[in-house]
Structures are given as structure tokens and as C-alpha cells.
Undergrad: 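Got a structure for you, questions after.
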2 protein chains.
Amino acid sequence: MPNISDVARRAKVSRTTVSRVLNGKDDVNEETRRRVLEAIRELNYRPSALARSLVKQKTDTIGVILSDITDPFFSRIIQGVEDVAHKFGYGIVYASMRWDPQIKHNYVNFLRSGRVDGLLMMGHTVGNEDYVREMVEERFPLVLVEYWINNLKANFIAIDNRGGGYLATRHLLGLGHRRIAHVAGHKNARVSQERLAGYRQALAEAGVSYDESLVVYSDFTTEGAIPVAKKLLSLPERPTAIFAANDLMAYGVIHAARELGLKVPRELAVVGYDDIELASLVTPPLTTIHQPRYEIGSMAAWSLIQQIENKEMQPTVTEFKTSLVIRESCGAK
Amino acid sequence: MPNISDVARRAKVSRTTVSRVLNGKDDVNEETRRRVLEAIRELNYRPSALARSLVKQKTDTIGVILSDITDPFFSRIIQGVEDVAHKFGYGIVYASMRWDPQIKHNYVNFLRSGRVDGLLMMGHTVGNEDYVREMVEERFPLVLVEYWINNLKANFIAIDNRGGGYLATRHLLGLGHRRIAHVAGHKNARVSQERLAGYRQALAEAGVSYDESLVVYSDFTTEGAIPVAKKLLSLPERPTAIFAANDLMAYGVIHAARELGLKVPRELAVVGYDDIELASLVTPPLTTIHQPRYEIGSMAAWSLIQQIENKEMQPTVTEFKTSLVIRESCGAK
DNA sequence: CTGTTAGCGCGTTCAA
DNA sequence: TTGAACGCGCTAACAG
């Protein structure tokens, strides 16, 4: 790969002049510029982003760390992030940590060591995440999505997960269900705890006592939810409704029910969470919790870029609300 | 952010010694090493990957450019890629180009300018891709997945898309269908052409003449497929079967059929393509074309890393075969 | 075992 | 309008 010196030599100018042309400065003689551009083309020269970033201390790249890149929940969020980032001239780097706190930490270190100007993190794990605190203290540009940590002066895009869990459960209660099970998300995920908390809150308000045996954990995938759903549905006193912590698992629940010969929604009501694109399009259309995902993504990216380009920005907490979308999986319609 | 000189100063050694400790060389006095490590900890020092990459001419990162990061088709492929890459100590950077050749080209340039050691490209677009040829000629480590370009001595992981299209269509023909429509993929995608070619081949072999009005293009999404499917299903002489170029669109077709009051599979047979996880789990379970996606991903990553670490490797073409998975969406079962 | 020197490829003063 | 010199943060070659 040719470098800037090769170009300079060929164009018979100094490296500085080549650099000027490269960066579109206007204090370059037209004829000189022409020669430089020609040399660049002839050599098929491509400036090293690495070297440039090193000297400018800027990579024009933002890192996105998420729990699972294959989760359709992220698809619209990512679109929002990409649209905004591109508009501002940033590239994006994704890292998928699969709910593994160790992989997550590794990726944070990987990306932080000069590879990106800032970090967008979504999919928060349980446990020691002091390094997140450190990043905030060191004023490393950072946006945390989905969650909100007390006493941490950072930029948050919060989603009302507890409220969502509450809405979902109350809907089932309103339909007369009393024996309502919950297929929770990944044990390592904070959102699991929050949605579970919303579920418990709704039960408590309705005077339904909490039955631990009705709550099982899975991993936010359809395949993972099937066995645990079967366990729930084989309980001596079978639940009449199940709230799944995301849509993929809701389909796992429905699949399990079908295998056991139960009709949804007649014999089992199911509520999901996320409102992924497919939720309205497959059978049965899913009653679920909707979140403004595109807006969340674009807002997160915008907020991060603001931080990067203006270090003085105040940390803010933006909370997005969720809403219940009633379709056919609980027979309410 | 502290740098290596700060550490050196604090530990009262030279930068070189710090570098030695950092890179785990064993020719360092134990006491010295201890001091250095302590200084590193005290300063919370993190070496700059940028600077390191610049001097080593190695980033330990591979780039993955794909058509649409939100497409579940890629989920298992990505898992395969990640597993292998991590095993070999590489990080991964994804870029999603959404079938836009311009964005794709931009991303190639973005990543090639020193940000990655090699590139994995999947989701090939139609049109001028001479820069891909250039990369091959410049011996830039590269693996192309899904497609196979004649006269290009590069590393290919091909998938028999034509064969898949053929299998799908022949299955429908075998069930007695003669009026078979095709919802093709994105017009910019090479795989669309290939699957379409397989479709045409099967029709030709069965003596069914090709009817252009039965082929419509969409964008590989469920939402996108719904309107075009409705158009097909509103034709004066309605098709009795539809082969969709991926599973997401197959669900779009099924949704459209339902909206028009048509029962699947009784009044319309549907075949998909990809065998995404959900395909077996939602109603109706989809008859579709299966591809060994995890293996494709891991093989692609392995092959790329071989190229990166051993420049002498011969370009190879590996072709993965597809297979038909019969479920319930065409009533064959 | 350790330090000095050089250089990776570029941008940015400062003078000329 | 152009170039020389310096430095971004790090590793590698060589000497001691």
C-alpha cells in the first residue's frame, strides 16, 4: 500500500501539500492540486485512517455494544442509529456480547482503546459493572440505552421496562386471568428484572399473590423458551396466561402450547414484549408491548454525537414510554 | 488518557521496558515488571490499539460487510463467524449496507483504510464492483460469501442458490401446481437472480412456460412482500403456489393471503428460503430451503483468518449445498 | 536485562 | 502558496 510520501514524491511536492489536498484545504495552487490528485489516482492511494486517527485523536467511528446482534428487537434501533450516524459522518462498529459480562467487558476495552470516539451500550448485564462508572468519570462519551443507574451522572436513554411489564400483566388480569405465568428473559439481563418487577407490581395491585413457581427464566430466544414453557404448561395447576419477556419467547410459548394440544388464545393467553415487525404478521398476531425503537436509536446516536463533539454537554435522562398493542393472542379482540 | 511515557516515567524505566511488559516478553526483571504493572494500574493506563496497529500493521480485527444486519438469515452465520474469530483472537466489525451499492462501497473504503486486517463480504449487489476485483489483485485478505464470480481468483464460500430455487420450485411442481409465482428478492441482490434462475430452470424442465407477470420483486422483508403478494393474488388467473426468495417474505405472502381470505396451504401453497429459526415455530410451519448457516459462517471466518496469517494461501471455492425442508405451508405433509 | 534510536503514516505548527 | 520539523503512541532493532 502506497503512503503519503509516495504520492508526494510522484507529484513532486511535499507530504504537507498532499495532506492539504487530502483534507480539502483551499490554500493550494490549482495546478499543484491537479498533480497531486493525479498521483493519488495513479497510485491508487488510500490514506490510512489509523494514522490519521492517531494524530487527530479522532476516529469518526462510534461503537455499539449490544446484547445480541441477532435479536430483531434491535433491528429498528440500529436503523435509527445508522441513519443519524451517517448523517453526521460517523461510521459504526457493532459488538455483540451475547449476554456474557466477560465478553462485554472485553469488547468495551477493545473498542475504548482508541478505536471509537464514543460508545453506545444496550443490553445491560447484572453484576459488577464498575468499569462503566469509570468511563463516565473519565468523561468518555457514552450513552446507555434501556436502563438507568441511580447516582450516575451519565447519558441515559431509558425505556420504561417496569411499566411495560406492568401493562402486559394488567391486561391479562383485566381479562380475568388470575394464574398468570411469566417467562423472564436472560438471567444476566437487567431488563429481565425490570419486566419481572412490573409483572409483580400488577399482581400485587390486583391482590393476586406472587407464586414463584410461575416464573421461569430463559434466554430471549424462541428455542430457549419452548422447554421452559412446556414445564409451565405441565404444572398440576396450569396457568391460563403467560407473559413472555419478549416476542421471540412468546412464539416459543405458543409453539409449546400447540405441541401440548392447547389452543391459543382459547386455552392460553399470551402476551409478548417488543412488538417486533413479525409480531403483527404471523399467526396468531401477538398482543405485545410496543416501544418507539427507531426514535430510541436515533436519539441515542444523536445524543452520543453531541457528547463527542461538545464535551460540555450535560448528562441527561430521556425516558421513552411503552404502550400495549392488543392483537389476537389473548383473545381480547 | 495516560500514555506509555507516563507509565515509563512513573515506573522509572524506559518506554521500551513498559512495552515489553505490555506484550508479555519474558526478558524483564521480575521486580521491574512489578513496578511497571503497578504504574499501569495506578494510572489506569490502557494501551492505544491505534498506535499499536499502526506500527504492527495489524489490527486483529476483521470486517464483516453484509446486506442487512437485521436479517435473521445472518444470525447463525454471524454466530459462526464470531465463534471462530474470537478463538483466534480477532475482534469483529460489522457494516450493514442495506443493499445500497454506494453505501457498500463507502464501507469497503472505510474499513480498508487500515481499520481491519481482512474483509468478509456477504450480500452481493448487482452492478459495477470492480473495486472487489482490485482488492483481490492487491491481495487484500477477502472472503466472498454467497456468490461466485467467474475468472476471479479469490476465496469464495458459495451457496447453491440456483439449486435452492430449483428445489423449491420442483417441490411445488411435484405437488401438481402449474401456476407458480415467485416473489423475488431485492433487485440489487445477486442471490435474487440466482434463485430466480433456479425457479425458471425447474419450470422449463417441467414444460411449464415462463410467465413474466408471475414474478415480482421485493426487498427481503415481510412488510415489503405484502403488497406485491396481494398484487399476485389479485391476478385474473390467480397463482396456486408462491415461491418466496426468503422466509420473511414468505410470511408476507401468507399474511397477504390471509387478508384476502385465502387459506394456506389449502388455497395457496407457499415455499420460503433460508430456514430461519422461526420458520419451524410459527403457524404455519414453513416449507423452505435450508442452508448450513453456522458452518458457512465459521468456515468463512476460518478461511479469512488463514489468508490473513498466511498470505500464500491458495484461493478456493467452497460450495455449500442447500436442501428442502418440508413442513406444512404447501400441504405436502 | 535495559535503554537508545528509528520509524509506522499522517496532520499541524511555523517560517519562508 | 509551500515545506521543514515535530509529534500522535507505540514496537522493533541494536547496543550495551
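Just so it is clear, the model here is predicted, and its values are computed rather than measured. Sequence lines set the chain letters: A, B, ... in the order given, protein chains first and strands last, and positions in each chain run from 1.
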Undergrad: Look at the side chain of Asp6(B) and the backbone N and O of Asn3(B), then say whether any donor-acceptor pair between them is shorter than 3.5 Å.
TA: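 Yes, the answer is positive, given that a donor and an acceptor are paired below the 3.5 Å cut-off.
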
Undergrad: One character per nucleotide, please: for nucleotides 11-16 of chain C, 5' to 3', B when the base has a protein heavy atom closer than 4.0 Å, S when only the sugar-phosphate does, - otherwise.
TA: BB----

Undergrad: For a quick check of understanding: with a heavy-atom distance under 4.0 Å over all strands, which category does Thr32(B) fall into, base, sugar-phosphate or nothing?
TA: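 Result for Thr32(B) = sugar-phosphate.
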
Undergrad: Can you tell me if the side-chain N/O atoms of Ser48(A) get under 4.0 Å from OP1 or OP2 in dC10(C)?
TA: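 It does not, given that no N or O in the side chain of Ser48(A) lies less than 4.0 Å from OP1 or OP2 of dC10(C).
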
Undergrad: Do the charged groups of Arg133(A) and Asp130(A) touch, with an N to O distance under 4.0 Å?
TA: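 No, no charged N to carboxylate O under 4.0 Å.
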
Undergrad: Taking atom NZ of Lys58(A) as the centre, report whether more than 12 heavy atoms of other residues, nucleotides or ligands fall under 6.0 Å from it.
TA: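 For Lys58(A), atom NZ is crowded (more than 12 foreign heavy atoms under 6.0 Å).
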
Undergrad: Can you confirm whether the side chains of Thr59(B) and Asp117(B) place a donor and an acceptor under 3.5 Å from each other?
TA: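 Indeed, the side chains of Thr59(B) and Asp117(B) share at least one donor-acceptor pair under 3.5 Å.
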
Undergrad: DNA chain C: Glu30(B) or Ser5(A), which has the more 5' nearest nucleotide?
TA: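 So the residue in question is Glu30(B).
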
Undergrad: Heavy atoms of chain A, cut-off under 4.0 Å: which first and last nucleotide of DNA chain D, 5' to 3', fall inside that, if you could look?
TA: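 Range of nucleotides touched by chain A: dT1(D) to dG9(D).
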
Undergrad: Asn3(B) near the nucleic acid: base, sugar-phosphate alone, or nothing, with a heavy-atom cut-off under 4.0 Å?
TA: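 Sugar-phosphate contact only.
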
Undergrad: Can you name the residues that form a side-chain hydrogen bond (donor to acceptor under 3.5 Å, both in side chains) with Thr61(B), not counting sequence neighbours?
TA: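 Expected list: Arg115(A).
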
Undergrad: Quick one, Val21(B) and Thr32(B) - any side-chain contact, counting heavy atoms below 4.5 Å?
TA: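 SC-SC contact between Val21(B) and Thr32(B) ruled out.
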
Undergrad: Less than 4.0 Å between a side-chain N and a carboxylate O, is that true for Glu42(A) and Arg35(A)?
TA: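 Judged by the 4.0 Å cut-off on N to carboxylate O distance, Arg35(A) and Glu42(A) do not form a salt bridge.
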
Undergrad: Just call it for Asn29(B): base, sugar-phosphate, or nothing, with non-hydrogen atoms closer than 4.0 Å on any strand.
TA: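 Answer is sugar-phosphate: Asn29(B) comes under 4.0 Å of backbone atoms only.
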
Undergrad: Given the side-chain rings of Phe110(A) and His105(A), with only the six-membered ring counted for Trp, is the space between their centroids under 6.0 Å?
TA: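 No, too far apart.
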
Undergrad: Would you mind reading off the distance between Arg33(B) atom CZ and dT2(C) atom P, rounded to a whole angstrom?
TA: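 Distance check: Arg33(B) CZ to dT2(C) P gives 9 Å.
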
